[in-house]
Amino acid sequence: MNETFEPQIVAYCCNYCAYAAADLAGSMRLSYPSNVKVIQVPCTGRVDILYLLRAIEDGADGIYVAG
Amino acid sequence: MSDNGLKSGSNLEKILKAGHFAFTGECGPPKGANVEHLKEKFEHLRGIVDAVNITDNQTAVVRMSSTAASAIMVAQGLEPNFQMVCRDRNRLAIMADILGAYSLGIRNMLCLSGDHQQFGNHPEAKNVFDIDSMQLIALVKMMRDEGTFMNGEDIDVPPKLFIGAASNPFADPYEFRIYRLANKIDAGADFIQTQCIYNMERFRDFMKRAVDMGLAEKAYILAGVTPMKSTRMAQYMAKKVPGIDVPESLIKRLKGAVNGKQAEEGIRFAIEQIEEFKEMEGLAGVHLMAIEWEHKVPEIAERANMLPRPKID
Amino acid sequence: MIVADRKSLDEIQEMIKDYKKILLVGCKGCVTVCNVGGMKEVQVLSSILKIARKKEGRELQVEERTIERQCDFEYVEQLRADCDRFDAILSMACGVGPQFLAEAFPSQKIYPALDTKFFGGAVQHGIWEERCAGCGTCVIHFYDSLCPIARCAKSLQHGPCGGSANGKCEISEDVDCIWDIIVRKKMEQERLEDLRTYRAFKDWRSARDGGPRKSIREELVQ
Amino acid sequence: MSKQAIGSVLVVGGGIAGIQASLDLADSGYLVYLVEKNSAIGGVMSQLDKTFPTNDCSMCIISPKLVEVGRHLNIELLTLSEVQSISGEQGNFEIKLTQHPRYVDVDKCIACGICAEKCPKKVLNEYDAGLGKRKSIYLKYAQAVPLKYAIDENCIYFKKGKCKACEKFCPSDAINFDDKQKELTINAGAILIAPGSAVYDPSVYDTYGYKQSPNIVTSLEFERILAATGPFAGDLVRPSDKKAPAKIAWLQCVGSRDINTCDNSYCSSVCCMYANKQAVIAKEHCDDPLDTAIFFMDLRTYGKDFDKYNLRAQEDHGVRFIRSRIHSVFPDDDDKLRIVYATESGKRAEERFDMVVLSVGLSPGKDVAGLAEKMGVELNNHGFARTSCLSPVSTNREGIFVCGTFQEPKDIPHTVMEASASAAAATGNLSHARWSLTRVKEMPPEENVTGQKPRIGVFVCNCGINIGGVADVPAIRDYARDLTHVIHVEDNLFTCSQDNQDHIKQIIREKGINRVVVASCSPRTHEPLFQETIRDAGLNKYLFEMANIRDHNTWVHMDNPEKATEKAKDLVRMAVAKAAYSEPLHQVSLKISKAALVIGGGVSGMEAAVGIADQGRPVYLVEKSIELGGNAKFLGTTWQGEQIGPYLEDLVNRVKNHPDIELFMQTKVTGTTGTMGNFSTTLTSLNGEGKEIKIDHAVTVLATGGREKVPEQYLYGEHPHVMTQLDMDRAFSESDERLSGTKSVVFIQCVGSRIPERPYCSKICCTHSLKSALLLKNKNPKMKVYIVYRDIRSYGFREELYVQAREAGVIFIRYNLKNLPKVESLEDDHLSVTVTDHVLGMPVRLKPDLLVLASGIVPNANTALFEFFKVPVNSEGFLIEAHAKLRPVDFSSEGIFLAGLAHYPKPIEESIAQAKAAASRAMTILAKEEIMVGGVVASVEDARCAACLTCVRTCPYGIPKINEDSHAVIDSAECHGCGMCVSECPGKAISLQHFTDEQLLAKTSALFTSGG
């Protein structure tokens, strides 16, 4: 891993809490790295372990499940 | 039944039959072939007890076989009470070992299921449990009294053994324990050795029931005694050993003893127990399991007025 | 049902380390029901194996199939057309599955991905318990349909042993003493005298001790 | 009168009470005018950080309700508005309102915040309890509904005639300085007032030093300090130096339970619990161990799961509880705060803290006296609405109802319960006018896109400069053009503007677009708008997808425009990938039964039955005993002294004579099938041959009750002069001889409550004993009356009884669990009670003629019944509601409701309120002819199903079943659409519409495969 390593991170966020929190971070103009991409799910219960594995297969460097 | 009216003619049987209050001891074979050390241990017990239980891979820890250790004892002129567990042999080995033990001069045999190998030093082992302790009792009786193997074939010189069984009055479910004892007696047990007793109140109740059910008339019941060496031992047994009931009052009593005097307090309690057992209805003797404390047995026997031991020819 | 656990990833990887292209076969029978070998688990294991191989810098191709039952040749047959395209087949069925596959495809290399454990059922989601040892001669009618052969650590027919404490087996606080349950049930039903009966030596020939077993029902055999 | 009744209701106050009442009313067929004096709804609850006893984030749980109010077709939200006058009567009121100008056009404001950024005028932020600053043009809080800015009176332009910075920078031309105050007149059939209460101002007590040190804060200020949206962004720091405190003290009863310095003699009911919660949450905020001490008089953690929370606070979190009332805080020179107190043994002690939190109570709101006068509603001596325990949400004026803390200080679940109760009470006379004023939206027919190749249109929003000012929108737009299936792209200044909606519709039709992607802001706020737009264009609303390139991108990556542009492209590509797999979903309507089943013929069950039947819906009321009335049969009066007997007699008569109530006495439920809207339940008669009858109903109310526990201690049942509270009540009513000539009586509190087996407070016993003690003292002022207690929990206005009892000479002796009272029967058969006096530390021996045991409440055992309806119970056997805070009378399973003691011990006034609330919640279903089912729900592919029960066991709502054909069925009417079963299914037999594996995997995969 070198200095310029830019990890790709997928975040599966529950619509009711974590997704709302990510919205709130926006309204509050907080700043975080742009490598995080949020995918909205109806509930973290919908996050199949398979998604996490497939994401890694596809090239994700990190996965964040928040709810 | 042999001509003299005795089932086996062992010293233990004679003592009990004569109505004496029996006194048995216990000795674990070495974790090796150190025969000399074994013989030393025997010497502590000579003349002090009527028979000595020789344990069979006790707590599933591998040791010299109980058959061999019992045979060495016979050669030393002491009487062994040969223990056998169902964990390590199938019915073929069991019958073979019974015949072998008898041929080597062994006359008492205690029939046990055996601790699960999980507790021992080879927990990975496959266990056998082809038959259980109840069936082992029945099997020895069949071999002795019917003179047949399990399959009905005749035995050429059947083994005349005095059959023992264990009883734990303190394991759960408590209400059932007395019936399991009755089952063992019905299956053919001549004498019973109980698990070590600390909760006297509960044991009194147990014996009352045994007497009420007539069990004490059908078999000789020997009460198990193990002197506590320390408060730590008491706490360990209370918490860690399944089926042993150590009342809080005893732990308190040991704690209350002056430092360094806890062992003495433990012995004192054991002596008080023996004194009470002598008077207790239905009891035929005491089985003293002084674990790795064989050298204290003479002192305890002396102080509990169990000496000298009667001699019957 | 038959209950199984998945083997460790290390063990599976070791088995298939020389292969580039494998067929991963799930089973819709018991192992689907016990959440270890159905379509979902096939997808998950497939993905895990590919990721693991990628970490080694090599590629692994996995094709996923889940068939109705691996313990019936007719279903196994469905794999025949594709079977030769692979270096090996990894079965996510109980121990029966890989053997049926091996018999159907003698030239193919077949590996088990599961450790088959026991006959049992789910006591709650995620927890399965053993109930039957398959000993071949059922005696549970003596014990109010509670099996001491399978559920007593010592298979005692006359229990409970002296290690029973607070309803638990001496081997572990996590194991119920089945004999405690049997005795209590008999006491509740006031039929304790049933337990005063001596039970004969068990004939173990019907169990595995009698050699590999077969069940032949003449009327069904054509 | 009800014939001319108007089908609308006015709700005054947009806090959680007004919100819940409005939603219930609007969902059951009435048009609601919700009047709020602030610029946004949400009230005090929106200011709280976490809520007890669940530690849920307050905003997270209230926010969906705010949004629901904002979107509801039948709630007309009138913010910045106040009631001027009312006329008319029940069924037809005329209300005059004043709406103050917002100076911001709500149709144009996109809440981008540029105005506030540019506004030069800073003012104290009341949302942050004055701890922080905001601008003169402001949004009350980030999740505010309506999400629209407003300008306050501090505006520089208003003061000095120039500035208008906001107008200059507003990208959507929304500022309107010409906005004027409006006078409105509305008509409503009933009025609900829920203005809430104010927080007590501790500055009148100079001894607390509130004004002297910035580190002495009120509890509401402390909530804001803890909140992530608060002045310190959730860092727990002292206001003076912004350093983390190491030691914090809470002083309870500031402004409550005091008759000396201020007027609030009552208990504010919520402070003990919020102090517990704040101490626990504060510890969670700190990396270093935080010492927390709560100074209190009586620990009043009387609600459901409150005592357990308190035990955890003490045992797991190490919060210290010190029983001592503090009157003074001394700020030392080194910025520490010194507190001097008396220990339990009476010794003087002193401790120094970094911060002190004043647990301030609730006071009547500033404007409520005026409001009450306009309404003609009477207040009580404390300045709160006067109500009777037997009609707890009715005011003195017919047609005007009350709920929430304006009625009495209370916590959120009780408030929500009352809100629903008041909705039911308010509409009891309006049922003829139901649905007469409600609005329905007309839709064009849907186009069938099945089998069509995806033709995706992508609309990228600049959001003024919110997106376009950071990311390169044209580049994003052009990038989208090359993505697979995309046939149209464009960018808009504001994709959400009204004219753009028409434009989008036109483009959809012109180009034959069958999937739409909007790249703009959050679907949480804007998806419904765009879904409505494409629906108007004839597309199913599920053919829509959003990419959140503002809230999740340009707003958080402002400093890096290139990366924001790249990320926006990624997000658009992901949205397009998912949209390609989108399929239309259809909701279908399902006819439902009209009837309700109410189980339990006590007060709760009967009130619920009458509440529903009064709304014109048939009710089956089932009671297993031979008599209606439950525990109320044994009760004398309410704590306020209202006679329960006549009330009960009247209620029983109403039940028996109501044309819409069918009564099944000596009957029990022996089975049920079906789900919300269509239950079928078997009732079996317990009388005679056990006749069975099957009934169909849409909803079920469980009011199965509880009972006074028969004490197993203190010689109860052994000594004739030992009795329970109910025995005592009976003795009073029957003039029992044991009461005549009695010279001394001892009450023992918490018998069977607040002990390890039953770690809960039975809530009613303190009040009950105080009431009985006063009755005894009234009979014979010379009688010695002792109350042996652990904490006196006379919450709310019940504190009056405690004060009266002390004044009347009742003697209070405290005990604790380590030092239980000893009760013996002496040789002369006289009773002896020995208790260690907490002041003297000495055992005191009392020889009472009578001993009264305040025995706790236990729920009635109904295991089989609860299993039929699959409703959960807690370890004490009480029913578990859907959510402790905001759904206090619902179950997770839709269509089933609860009321009364089966839920938790409570006094009769609360049981009545909860029963009315259950009726209100039930009416949100019963009011309809049919319900819509389907949409984002799970569906099973039968052939793949192994009937393994995984879905049945993992569904948090217990919806999946295995049918007779041995595969799983998931009732779309009941499925909550969480997708748990889908993720768990080992056979991959279940899919969640709109969130299929295909869609989510495509979306994830698209992130890693650039280009189309």
Side-chain angles (χ1 to χ4, degrees), chain B residues 59-60 85-87 90-91 94 112-120 123 127-139 141-142 150-151 165-184 186-188 194-196 213 224 239-245, chain C residues 133 135 139 142-144 146 148-210:
Chain B
T59 62
V85 299
C86 300
R87 178 188 61 232
N90 68 7
R91 60 189 77 183
I94 286 173
L112 304 163
S113 292
D115 291 327
H116 195 271
Q117 72 273 14
Q118 166 108 351
F119 298 101
N127 65 33
V128 184
F129 292 116
D130 180 1
I131 63 174
D132 65 17
S133 58
M134 197 71 66
Q135 291 165 330
L136 180 58
I137 295 163
L139 175 62
K141 185 177 163 69
M142 177 197 284
M150 200 188 275
N151 63 357
S167 169
N168 185 350
F170 307 106
D172 291 325
Y174 174 68
E175 303 85 343
F176 185 65
R177 287 291 147 189
I178 195 75
Y179 297 108
R180 193 156 189 263
L181 172 59
N183 286 349
K184 286 191 172 178
D186 290 348
T194 77
Q195 176 63 283
C196 48
M213 284 172 66
K239 285 206 188 102
K240 296 284 159 93
V241 185
I244 293 201
D245 180 353
Chain C
C135 73
V139 291
F142 296 143
Y143 311 107
D144 278 336
L146 296 165
I149 306 296
R151 299 171 72 183
C152 167
K154 302 174 184 173
S155 294
L156 298 184
Q157 293 179 73
H158 304 83
C161 75
S164 177
N166 303 316
K168 297 294 171 190
C169 173
E170 66 177 21
I171 65 162
S172 165
E173 277 287 310
D174 301 329
V175 177
D176 287 332
C177 173
I178 190 62
W179 268 104
D180 189 86
I181 301 174
I182 294 170
V183 168
R184 288 188 193 285
K185 195 165 167 191
K186 291 281 190 196
M187 285 198 292
E188 261 167 41
Q189 300 186 354
E190 298 184 352
R191 294 194 292 129
L192 201 56
E193 68 280 2
D194 292 357
L195 298 182
R196 296 292 319 271
T197 311
Y198 175 79
R199 304 290 168 201
F201 303 112
K202 189 167 170 67
D203 181 348
W204 292 103
R205 279 177 298 185
S206 59
R208 241 292 308 154
D209 309 77

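These values consider heavy atoms only, across backbone and side chains, with no hydrogens, waters or symmetry-generated copies. Every chain is numbered from 1 and lettered A, B, ... according to where its sequence line falls, protein lines coming before strand lines.
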Ranked by heavy-atom pairs below 4.5 Å to chain B, first place among C:Leu156, C:Asp209, C:Ile171, C:Asn166 goes to C:Ile171

Chain B neighbours within residues 189-196 of chain C, where any heavy atom lies under 4.5 Å away
C:Leu192, C:Leu195, C:Arg196

For C:Trp204 and B:Phe129 the tightest heavy-atom approach is CZ2-O, 4.1 Å

Minimum heavy-atom separation for C:Val183 and B:Pro173, please, with both atom names.
CG1-CG, 3.5 Å

Which one, B:Gln195, B:Arg177, B:Glu175, leads in non-hydrogen pairs under 4.5 Å with chain C?
B:Arg177

From C:Lys154 NZ over to B:His116 NE2, what is the distance, rounded to the nearest 0.5 angstrom?
8.0 Å

Atom pair CZ (C:Arg199) and CG (B:Asn183), whose distance is rounded to the nearest 0.5 Å:
10.0 Å

Engaged part of [X] at the chain C interface, taking heavy atoms whose separation is under 4.5 Å:
| X | answer |
| --- | --- |
| B:Asn127 | side chain |
| B:Asp186 | side chain |
| B:Tyr179 | both |
| B:Asn168 | side chain |
| B:Arg91 | side chain |
| B:Ile244 | neither |
| B:Gln135 | both |

Residues at least two apart in sequence or cross-chain that pass side-chain contact (heavy atoms from CB on, under 4.5 Å) with B:Lys141, listed by chain then number, are B:Arg144, B:Asp145, B:Ile163

Does any backbone or side-chain atom of C:Phe201 lie under 4.5 Å from a heavy atom of chain B? Answer side chain, backbone, both or neither.
both

